[in-house]
Amino acid sequence: MDLTVAITGATSGIGRAVAEAFVDEGAFVAVSGRDGAAVDRTVAALNGEGDDAGDTEASEDGDGSDGDEADETAAERGTAWGDRVDVRDEFDLERFFERIAREAGPVDVVFANAGVFHGAPGESPTTELSYADYDDTMRTNARGVFATITEAVPHLADDARIVVPSGAVAAESKPGMGAYAVSKAAAEAVARGFAADLDATVGVVDPGLVATDLTGKERARDPESVAPLFLWAATEAPAENLNGERLGLREWKSATR
C-alpha cells in the first residue's frame, strides 16, 4: 500500500490501532500527539524498535528460514514517522503537514482523530460544565478537526481522503456526556462542510462503542478490532458513499463479508 497517511491523536486508542494497521499494509504513517515522548515511543514501536517490538531473529538452532520470513515481513511493512502536535495550535499542524510533505510527498489519507474528554463519560452533565472545560473540548475536538483539515489541504494528493471519527453521542441525547457530545456533533458538521467545498473526499466514520481512555469503557470493542473499518473507509469504500456521509460497522461488514 503505497500511501502517505497522517494521523492526529495517534499515541493510544483508535489512533494508535489505525496507525499500526496502515504500517502493516506498507504505508508511510505520520503520527502525532501532544506528548512528544509518547509520540517517540509510538514511532519506535511501530518501526519495530521499541520494547513492544516482536522478536524477529532466527533461532540459533534453526536453519534461518524463520529469520528470512521475518525479514520479508519487515520489508513489506511501512514506516512510521512522528512529530509532537497540539491540534489546538494551527501552527503546529501547519509545520506537521509541511514536514510530512518533505518526508513523503502528498498526503493520501488524513485521520483527524485527536480528542479530549474532561471528566468521566456519563458523569459530566452539561449543566455542570465549566467554561474552561467547554472551550478546551471544543477547541480540541471541533476546531482541531477544522484546523487539521485546513492545514492539510495544501499538501493533499489528488484523490485524498479525510476521515473524521465520531459516534452515536453526536446525534443522540445521552446524559452526562457534556461538551464531548457537543464537540462531536460540531466535528461532523465541519466534515460535511469540507465535503461540500473540497475536491477531496471527506467523511465521518462511526466505529460504535470502543474501549478507549475517552469512552472509559472496559467492556467494549478493542481499538484493534475496528481499525480495519477505518482502513476500509480510507482506501476501499466508494468515495461517493463516504463524502459528506457517515459510515459505520454495518456498511463495512456488508461491503466486506
Side-chain angles (χ1 to χ4, degrees), residues 1-54 56 71-115 140 144-165 194 198-202 205 223 227-228 230-236:
M1 184 179 289
D2 187 19
L3 295 176
T4 297
V5 180
I7 304 176
T8 61
T11 60
S12 64
I14 293 174
R16 172 67 169 74
V18 172
E20 184 163 15
F22 271 111
V23 169
D24 285 345
E25 291 295 326
F28 175 94
V29 182
V31 302
S32 68
R34 290 185 189 179
D35 184 339
V39 171
D40 291 342
R41 290 192 297 270
T42 299
V43 169
L46 291 173
N47 287 332
E49 301 165 359
D51 294 337
D52 296 337
T56 58
D71 289 343
E72 290 177 7
T73 300
E76 294 172 357
R77 282 175 58 83
T79 301
W81 171 92
D83 200 5
R84 194 209 70 80
V85 172
D86 185 340
V87 299
R88 297 172 298 182
D89 185 344
E90 60 267 31
F91 297 107
D92 272 10
L93 286 160
E94 180 183 38
R95 289 187 290 269
F96 180 55
F97 284 104
E98 286 175 349
R99 291 190 65 191
I100 296 170
R102 288 197 297 269
E103 291 283 337
V107 179
D108 300 289
V109 176
V110 177
F111 185 31
N113 177 68
T140 304
V145 170
F146 171 79
T148 298
I149 299 174
T150 297
E151 298 305 330
V153 167
H155 308 288
L156 294 177
D158 291 340
D159 56 351
R161 294 190 180 194
I162 300 168
V163 174
V164 178
F194 277 110
L198 275 183
D199 290 334
T201 299
V202 188
V205 174
F230 289 97
L231 200 73
W232 168 78
T235 59
E236 297 180 20

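Treat the numbers as computed from the prediction; the structure is a model and nothing was measured.
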Take Ile162 and Phe194 through the side chain to side chain contact (heavy atoms under 4.5 Å, CB included) test and state the conclusion after the steps.
CA-CA 9 Å; Ile162 300 168; Phe194 277 110; over 6 Å; no

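- Ion pair Arg84/Asp40 not flagged as a salt bridge, since none of the NZ, NE, NH1 or NH2 atoms sits closer than 4.0 Å to an Asp/Glu carboxylate oxygen.
- The CG atom of Asn113 sits 13.0 Å away from atom CZ of Arg16, with the distance rounded to the nearest 0.5 Å.
- Note that CD of Glu103 and CZ of Arg99 are 6.5 Å apart. Values are rounded to the nearest 0.5 Å.
- Here the shortest heavy-atom pairing between Phe96 and Val31 reads CE1-O, 3.9 Å.
- Checked against Arg34 for a side-chain hydrogen bond (donor to acceptor under 3.5 Å, both in side chains), the options Thr8, Asp89, Thr140, Asp92 give a single hit: Thr140.
- With contacts defined as side-chain heavy-atom distances shorter than 4.5 Å, the pair Val39/Asp83 does not qualify.
- Contact check for Ile100 versus His155: no side-chain heavy atoms found under the 4.5 Å cut-off.
- Counting heavy atoms from C-beta outward, Trp81 and Val43 have side chains that stay 4.5 Å or more apart.
- Summarising the geometry of Pro106 relative to Thr4, their closest heavy-atom pair is O-CB, 3.4 Å, with the distance given to 0.1 Å.
- Surrounding CZ of Phe28 are more than 12 heavy atoms belonging to other residues, nucleotides or ligands, all under 6.0 Å away.
- Between Val107 and Val109, the shortest heavy-atom distance links the atoms CG1-O, 3.4 Å.
- Interatomic distance, CZ of Arg77 versus CZ of Phe22, reported as 14.0 Å (0.5 Å rounding).
- The residue from Val145, Leu156, Val163 that alone fulfils the side chain to side chain contact (heavy atoms under 4.5 Å, CB included) condition with Val110 is Leu156.
- Between Leu231 and Val18, the closest side-chain pair of non-hydrogen atoms is not below 4.5 Å.
- Of the possible donor and acceptor atoms, none in the side chain of Arg41 sits under 3.5 Å from a partner among the backbone N and O of Thr11.
- In terms of heavy-atom proximity, Arg161 sits nearest to Ala233 at NH1-O, 2.9 Å.
- In this structure, the side chains of Asn47 and Thr79 come closer than 4.5 Å at one or more pairs of heavy atoms.
- Taking CG from Asp108 and CG from Asp2, the interatomic distance works out to 7.5 Å, rounded to the nearest 0.5 Å.
- Atoms CG and CG, on Asp159 and Asp199 in that order, are 11.5 Å from each other to the nearest 0.5 Å.
- Residues Glu94 and Glu90 have side chains not in contact (no heavy-atom distance under 4.5 Å, counting atoms from C-beta outward).
- Contact of the Phe97 side chain with the Val153 side chain is not registered, since no non-hydrogen atoms from C-beta on lie closer than 4.5 Å.
- Of all non-hydrogen atoms in Ala80 and Leu46, the two that sit nearest each other are CB-CB, 3.6 Å.
- The two residues Val87 and Ala147 come nearest to each other via the heavy atoms O-CB, 4.2 Å.
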